[in-house]
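Remarks on the structure that follows.
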Amino acid sequence: MIDRIPSGFNPFVIPFLVGMGFVFAYCIYALVKILLQLSFEDRKKFFLSLVNPKTAAKNIRDMFCDCLFHVKLWKRNPLLGYMHSSIAFGWFMLIVLGHIEVILFVPTRINLFYYPIFFNFFVAEADQTMKGSLLFFMMDFFLLVVLSGIALAMVKRVRSRLFGMRRTARPSLVNTIGLYALWAIFPLRLLAETFTAHISGGSFLTGPANWIFRQFLGNDLHYLPTWWAYSIVLGIFMCVLPFSRYMHIPAEMLLIPMRNAGLKIRNARKGLTRVQVFTCPNCGVCIDACPMSVSKENIKDCTVYLTRQIRRGNEKRIAEISDKCLLCGKCEALCQVGVQGPEIRIQQRAIRDYSIRQDFSDIAVNEVRKSHVVYFSGCMSQLVPSVGRSVESVLKKAGVEVEWMDRDGGLCCGRPMLTAGKTEEARSLVAKNTEMILSSGADTLVVSCPICYRMFVENYALPGVRVVHYSVYFDELVKAGRLHLTKSDLCYVYHDPCELGRGCGIYDEPRRLVGQSAAIAESDRCRKESICCGGSLGSLSLTFRQREKITRAALENLYASKADAIATACPLCKATLSRFSDRPVRDIAEIIDLQSR
Amino acid sequence: MIYEGKQKIWSDYQKEIPDDHWYYVRSCIRQNFFPASERMFTEITRGVLGKDVYETPYHTTCGGIAYHCDTIPQETVMTIVARQFALMTEAGYENYVASCITSFGNYSETLETWREFPELETKIRENLWKACRREFKKPKYLAHSSDLIYHWREEIAKKGRFRLVNRETGEPLRIVEHIGCHYAKMFPHKGVGGAEYPYVLAGMVESWGGQVVDYPERRHCCGYGFRQYHVKANRGYSVSNTHKKFESMEPFHPDAIITNCPGCPYFLDRWQYVIAEQTGKTYGRDGFGIPVFTYEEIAGLVLGYDPWDLGLQLHQVAVEPFLDKIGIEYDPKAKYLGLNREDIMRPGLPDSIKCF
Amino acid sequence: MADFGFKLSKSSTLDLDRTDTRVYDILCKTDPDIRTCMACGSCSASCTAAPFCGMSMRKVILALQRGQDVRPMLGKCMLCGKCTMVCPRGINTRHLILSICKYYD
Amino acid sequence: MKNIVIIGGGVAGMEAARQLLALGYTPIIVEKANALGGHVASWYRLFPDMTPASEIISRLKKEIAPANVFTGTKVISISREKGDYSLTLDNGVSILAGAVLFATGFKVFDASKKEEYGYGVYDRVITNRDLEAWLSGGEDKRISAPKAIGFVHCVGSRDLKAGNSQCSKVCCTTAIKQAIEMKEKFPKAEIYCFYMDLRLFGKKYEDFYINAQRDFGVHFIRGRVSEVGETIDGRLQVKAEDTLSGKPLKVQVDNLVLMSGMVCNQSVSELVRQARLDIDDDGFLRSRNNIFDILESNRPGIFYAGACTGTKTVPETLAEARAAALEIHNYLQNG
């Protein structure tokens, strides 16, 4: 291998250099800015996590698995997974191999960082070696891998259903430019390397192609324009990268360590929110995930459009998108990169100015009778009284002495306030409820409403009190032999309430309880992928008619299981589903009460 | 406003008013408020029109004020009313005319109650017999004294020296007519013209050349309302109701208000001063109020009586601008001279509303 | 000013020609369903905050139509959403409350 | 074949005639007015589908052409003669009829009886009927670019003092219909409907109401108008209690539309007396039974259809007329 061009420079690299320089500068600037936006504690936490070997190892593993191999996508749809990982990993390997070539053959040029990219231009093949052939083979191989990925990407543009996606996000102008530039990079690289293969050497792809071209164009191939073209599209791609969805490539590398450091979203636009916004690759998985997308009019309110509008700073749309969302958490659960759609939305709601604010500090709280076990049924249970009554009855059967603290109405847990963005007001309610619960001297707080349960778990500090959802508590009672269940002939399909499943990770206990008291069937989309009932308090602006469509879609999913009845563990889900359901909807507490002794 | 529409309603509410021989009972409070009014009634009916109007010093209150203040029960009121009727019967009269609107309402209510519940009438006859050994016949005709003036309005117009017309422009004066609540609101058919569009005062105004102002709150009470005024803590409510009426009539720029009730002229007149003090607002032109008259005073003015003989110096709101409009001559210096031409002293004049 | 020991009291009459309905007019645009309220009172009957502040969404809507003060009623709303759950006309009362809190001044 | 006399040529009489013609009879319609159609003919459009009233009338007129129709004619006497009825008309004709159908309808309440509303006294107080005439293209100087319009429900209905305790059934929906029509003509006008109860019992009536609220922004105020006064600029000051807030309320409007109710038609009382028919407490003709024999009178051979027995909507009246035709047919067949 010999350095073909003594100066080690040709003007065609300039577009690439400009793009590269711009991207680097931008990323450094963004990184510094984002780190400065973090609170002092968060920043400290972040830096400490980087030097913690355990998190560092996790960071590296996540980067490989998520950024290069797209493991989650493989699980979702192999074709989609292959498409993404072929481009990401293939491109990564091309860069790595390029560097190996430079180190091996022209180590003096390693300081010129365009050398690994344009190696075949600057270096002429003097003699063939085994090592060189292998490298050239690998280069061609990974180029082929990338090209196959690009080809799939092109197919996906027209037939996204083949990739398991019903809908994809409509690309914006800058995304389209980036997309076409990306698509052009690798065919142009193939062309450029083909045209220089008789000089720089090539392998199974570039070699024969070079031979074929020479049959048409003669020996004197005008290869310089192809290298110019290759460099220019690289330059274009990198220049639009910060403004396009391709910003997710560098951003994800920051998001992974931030997530592993345990940082939380604390601001509507800054810090972690900004990183997540940059990390959103606009893949559109959230569109299919979103229960609202049953109505075409709501498609533009999915998380992918939220991140896009935040990047654009379109306040009106940000507000609309933020207010509509049910906060069911499915987009977050399915998101490939970990964008927390619901959390980001709550933060948008929290920056509103309200001229009337609520204050609960002067409310006189009810005395709660002393008891080891206290039961909190929540506001919604007043509209679905069977839940509270069944919970009480089951506990009585199991010999648990319980004090039902809000039997005659109480205070709201505060989660509806919190999700509406009224953090202070929510805190005020939390304080009142905390005072009441602690005054009872309880060691266990049984909660039947998943909305309340999540609030108690995430936002209450109740020292010495175990907060437990009744499904978990009942499950324990059954295991301990304090509750005996008999099986009915009915077959239930269990609907996972968003707040209980995705929100608190409780999927198995309710199923176990239903399974012990009846036959149980599963719907197509269950657990993490279950469809919100449509009644969620998360949404501020969805109208009743729009919600109805969501409820009907959730029911269709449940009907597909052919079960006789629907079981759920949330009063709101029960009320919402039974509004339109053609079969009975029961709360697990009711089922257990019926089937227990 | 469709005048024919009103005429149609007026024609539905006519009452028979005999032309002569009336037994007259006075009001408890009018003689203190506007003392010349009842005097003018007898003067006009007996002197000018030559009618037989009889009264006796033995008659008493009808009990209406106490009744409407919830201090005596209806049975007591009815017995008082029965005694009044007994005096009429003893004097040999059958036509009963009351000077007071509340009395008129009270008599009407009593007679209607007896008509509906004859056993009550029997009981009251017993009560009266037990109390003072008297017996009575129910009056054949019951009228309010404004009904009589209404009845003779054309004769008065004929004999009159003045008309309710602006001397300068020849335009009819704009007069608000205010009817006492107890006149026809309880029994619309007992009043001339009914309750909704009473004609008793409107008829006088029209016959004497003026123009009646119909404003949205014309039905509203003057604000007296018995309890509302008599309990001092409630007087704010009383004056607020009066205020509401003035606010409503203000855009019509009335030249005067004519009334047929003892309380109404008093409160419509005096509260104008209180409102002026509290809000700084007056409802007449140039800082004056709107003068308020009883129908007897207006009749007296039309007939050419001296304003001071009509007792107009007892009005809070200055009447002079109204007299000037008609062209009634008066001696400003004589305003505060008594019948004996001696000074009766001068009231303090307020700053908030223009008075003489 | 002379002190009479009593004062003109403010009229309790609602004068629709002089009613300030600016907030209501805004809400008719942002939440047009507000107009379909038929004052059934389900919202008030199910309200979690009602025992603490006399909150009644029915009264709030009426008060906005009549230009009356709604502040005290909204001060204890917990946004629990039960009113929206029960509204027979499908009015998104919860969003309405947030809109009122935003536009009221 | 025996004669059938239908007294009244409104929609009830016409529809009954149409059905009788279809059954092979040639009924005789006696209508006191100079044209057929009754009250419906003076209406512009009918709720809830905004059907033009003229469509109904012209269709009925066309289809009953073969019947014998006397317009501008009154029945002056009726008497029982063996199994039949002998009727004399004021044009000298006398008819022996096997069956008589009373389709004598109702009278619109005379709104001027509610003196406090000032109909006939204040220029711009009109009735539902006046408004329909105007909507049909009639001239009415009282209506000109109103900024605010009030509708008073239950004028002369559900009002003991007006002598009618019954609900007129159609006024609530008519008020909503007219409110929408006025809003269509004057989109910027504020419209206030003063109601005691909204009785929207029929198919699509509630949708109509929601429509008026949401899409047309009609204000519904629960409270009966107490009194009306005329302001200096000729507008109307309307007072009522806003019963939902428990406060007195006033508002100025340019036009006040009184929803005059349906009252019994007393102009047939002489005929009713002669035929010895029973009168109900509300003054309407008394059916033999209010559930099963609603179309039958206490006299054999005399039948009822439509609003002569009580307040009814147009479709109810038409349905009764059809049923009455069948009842008459059965009566004559079994006769």
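By convention in this document, chain letters (A, B, ...) are assigned in the order of the sequence lines, proteins followed by strands, and residues within each chain are numbered from 1. These numbers come from a predicted model, not from an experiment.
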Residue among C101(C), C77(C), P51(C) with most heavy-atom pairs under 4.5 Å to chain A: C101(C)
Worked verdict on T84(C) versus F544(A) for side chain to side chain contact (heavy atoms under 4.5 Å, CB included): CA-CA 9 Å; T84(C) 309; F544(A) 180 70; over 6 Å; no
Euclidean distance, F360(A) CZ relative to C53(C) SG, rounded to 0.5 Å: 8.5 Å
Flag side-chain contact, heavy atom, 4.5 Å: P416(A) against R94(C): yes
Side chain to side chain contact (heavy atoms under 4.5 Å, CB included) between D323(A) and H95(C), intermediate numbers included: CA-CA 9 Å; D323(A) 285 3; H95(C) 187 251; 4.2 Å; yes
Portion of I451(A) that has a non-hydrogen atom of chain C nearer than 4.5 angstrom: neither
Residue selection (most heavy-atom pairs with chain A, distance under 4.5 Å) from L96(C), T48(C), I100(C): T48(C)
Rounded distance (nearest 0.5 Å) linking atom CE of M85(C) with atom CD of Q382(A): 12.0 Å
D362(A) and K76(C), any side-chain heavy atoms less than 4.5 Å apart: yes
Contacting region of R415(A) [heavy-atom separation from chain C under 4.5 Å]: neither
Derivation and outcome, side chain to side chain contact (heavy atoms under 4.5 Å, CB included), residues L383(A) and V86(C): CA-CA 9 Å; L383(A) 292 180; V86(C) 298; 3.6 Å; yes
Best-contacting candidate, T576(A), L542(A), L540(A), against chain C by heavy atom pairs under 4.5 angstrom: L540(A)
Salt bridge present between D33(C) and R545(A) (N-O < 4.0 angstrom): no
Stepwise side chain to side chain contact (heavy atoms under 4.5 Å, CB included) check, K422(A) with M78(C): CA-CA 10 Å; K422(A) 294 193 150 212; M78(C) 304 178 196; over 6 Å; no
Atom pair CD (Q358(A)) and CZ (F52(C)), whose distance is rounded to the nearest 0.5 Å: 14.0 Å
Spacing of CG belonging to N92(C) relative to OG1 belonging to T543(A), to within rounding of 0.5 Å: 8.0 Å
Proximal component of S428(A), with respect to chain C [non-hydrogen, under 4.5 Å]: neither
Other residues, nucleotides, ligands: >12 heavy atoms within 6.0 Å of R357(A) CZ: yes
Interatomic distance, L429(A) atom CG to L79(C) atom CG [nearest 0.5 angstrom]: 9.5 Å
Which atoms of L537(A) approach chain C - backbone, side chain, both or neither, heavy atom under 4.5 Å: both
Other residues, nucleotides, ligands: >12 heavy atoms within 6.0 Å of R552(A) CZ: yes
Distance-minimising heavy-atom pair for K102(C) and D353(A): CG-O, 3.7 Å
